[in-house]
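The structure appears right after this line, and notes come after that.
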Amino acid sequence: FTSSDAFSSLLKANLQLNQGAYENAAQTFFSIAEKYHSSELAEKATFLALQTLNLKMATQSASLWANLSPNNELAQYYSILLELENSPEQAYTTLKKLSLKSQPDFFVKFALKVEQNIGSEVAKKNWDKLIEKMRQAQNNNPAILFLAAYKNFHLGNISQGLTNINQVLI
C-alpha cells in the first residue's frame, strides 16, 4: 500500500484488533481489501468475521477473497460454504465458475469436500438445489453428472443415479 489513507486504515484495523473489537476490525479489513483488491486482507476479514459469528460479514469477505484469488482452493471452499448458508445464488455463481475452469477430477473432489462439511439443514437443501440447477445447466459436464449421481444415490434415488451415471458413460 502506498497511500497514507491505506496506512492509516491498516493502523486503525490493527488497533481495533488489539483492543478486542474483532467485528469492527473485520469490517475495516474488509473495506481495505475491497478498496485495494487485497486477497490477504479479505482472508483476514473472513476469519475475523467467523470468530465473531458474523456470518453476513464472513460471507462478504469470503466472496471477495474468492474473487481476488480464483486459484486459491481454500478461498473458494470458504466462499461456497458460507454462500450456501447466506447467499445461494452467489454459491451457484462461484461453483459454476469453478466447474468451468477446473479439471473434472479436482472439481468433483472439491465439491465432495464441500458437501461433507455443510453444517446446517438450510445449506444442505441449498446444496441439493445448486447441484440440480448445475446439472440442468451443464447436462454434458461429466463432473456435474457424477455429482448429481452421487446426490441421487445418497438420497435413495437409485434409478435417477443410474441414469446420471449412464449419461457420464455415453
Side-chain angles (χ1 to χ4, degrees), residues 1-134 137-138 143-144 147 151:
F1 301 114
T2 56
S3 75
S4 62
D5 178 47
F7 179 75
S8 64
S9 294
L10 279 172
L11 184 60
K12 176 183 173 184
N14 282 302
L15 283 172
Q16 291 168 329
L17 194 57
N18 289 337
Q19 294 170 347
Y22 300 120
E23 199 161 339
N24 292 339
Q27 178 61 54
T28 304
F29 280 120
F30 173 78
S31 296
I32 301 166
E34 190 173 44
K35 184 174 182 178
Y36 294 98
H37 307 286
S38 170
S39 62
E40 294 85 3
L41 294 179
E43 177 183 4
K44 189 171 197 142
T46 300
F47 289 114
L48 282 171
L50 283 171
Q51 284 181 332
T52 64
L53 302 177
N54 184 337
L55 295 182
K56 184 177 179 185
M57 172 55 58
T59 303
Q60 288 178 313
S61 299
S63 295
L64 178 62
W65 179 24
N67 286 330
L68 294 172
S69 300
N71 296 322
N72 183 323
E73 182 180 345
L74 190 62
Q76 304 304 318
Y77 175 76
Y78 274 98
S79 178
I80 289 172
L81 277 178
L82 288 162
E83 289 166 355
L84 280 170
E85 188 71 42
N86 302 296
S87 179
E89 282 303 313
Q90 184 60 39
Y92 173 77
T93 302
T94 302
L95 196 62
K96 184 177 175 185
K97 281 186 210 173
L98 193 61
S99 77
L100 295 173
K101 74 174 185 116
S102 301
Q103 293 295 320
D105 61 329
F106 168 82
F107 179 74
V108 168
K109 288 177 191 172
F110 179 85
L112 291 175
K113 184 164 73 169
V114 168
E115 179 168 321
Q116 292 166 358
N117 290 290
I118 295 172
S120 75
E121 287 303 314
V122 169
K124 286 178 186 176
K125 287 178 184 174
N126 287 339
W127 178 253
D128 291 343
K129 290 176 190 174
L130 186 147
I131 294 300
E132 179 56 25
K133 185 175 179 180
M134 289 191 70
Q138 300 181 42
I144 301 299
L147 288 174
K151 290 295 315 165

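A salt bridge between E73 and K113 is present, with a side-chain N of the basic residue lying under 4.0 Å from a carboxylate O of the acidic one. Taking the charged nitrogens against the carboxylate oxygens, K151 and E132 have no contact shorter than 4.0 Å, which rules out a salt bridge.
Between atom NZ of residue K124 and atom NZ of residue K129 there is a gap of 15.0 Å, rounded to the nearest 0.5 Å. If you take CG on N14 and CD on Q19, they are separated by 11.0 Å, rounding to the nearest 0.5 Å. The CZ atom of F107 lies 8.5 Å from the CG atom of L100; values are rounded to the nearest 0.5 Å. Within the model, atoms CD of Q90 and CG of L82 stand 12.0 Å from one another, a figure rounded to the nearest 0.5 Å. Considering CG of L17 and CZ of F29, their distance stands at 5.5 Å, rounded to 0.5 Å. The CG atom of N72 lies 7.5 Å from the OG atom of S39; values are rounded to the nearest 0.5 Å.
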Indicate every side-chain donor-acceptor pair of residues 49-56 with a distance under 3.5 Å to a residue at least two apart or in another chain.
residue	atom	partner	partner atom	Å
T52	OG1	A49	O	3.0
N54	OD1	K56	N	3.4
N54	OD1	M57	N	3.0
N54	ND2	E23	OE2	2.8

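L84 is listed as a side-chain neighbour of V114, based on a closest heavy-atom distance under 4.5 Å. For the pair D5 and K35, the minimum side-chain heavy-atom distance is below 4.5 Å. F110 has its side chain within reach of L98: a pair of non-hydrogen atoms, C-beta onward, lies under 4.5 Å apart.
Under a 3.5 Å cut-off, the side chain of K101 and the backbone N or O of P70 do form a donor-acceptor pair. Side chain of S69 to backbone of A66: no donor-acceptor contact under 3.5 angstrom is found.
The two residues T46 and A62 have their closest heavy-atom pair at OG1-N, 3.1 Å. What you find for T28 and A13 is that their closest heavy atoms are CG2-CB, 3.6 Å. Across all their heavy atoms, A45 and F30 have their closest contact at CB-N, 3.6 Å. In terms of heavy-atom proximity, A33 sits nearest to A42 at CB-N, 3.4 Å.
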For this session: Apply the test side chain to side chain donor-acceptor pair (under 3.5 Å) to residues K12 and N24: give CA-CA distance (whole Å), side-chain angles for both, the deciding distance (0.1 Å), then the verdict.
Result: CA-CA 10 Å; K12 176 183 173 184; N24 292 339; over 6 Å; no

Exercise. For T59 and E85, what are the C-alpha separation, side-chain angles and deciding distance, and is it a side chain to side chain donor-acceptor pair (under 3.5 Å)?
Worked result: CA-CA 9 Å; T59 303; E85 188 71 42; over 6 Å; no

Problem set entry | Candidate pair N67 and K97, rule side chain to side chain contact (heavy atoms under 4.5 Å, CB included), full reasoning | CA-CA 10 Å; N67 286 330; K97 281 186 210 173; 3.5 Å; yes

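Pairs passing the side-chain hydrogen bond (donor to acceptor under 3.5 Å, both in side chains) check and including a residue from residues 75-84, sequence neighbours excluded, read S63-E83, Y77-N117, S79-E83, E83-T94.
Paired with L68 under the rule side chain to side chain contact (heavy atoms under 4.5 Å, CB included), one option of H37, E40, E43, E34 passes, and it is H37.
Inspection of the S31 and Q27 side chains reveals an N or O donor paired with an N or O acceptor under 3.5 Å.
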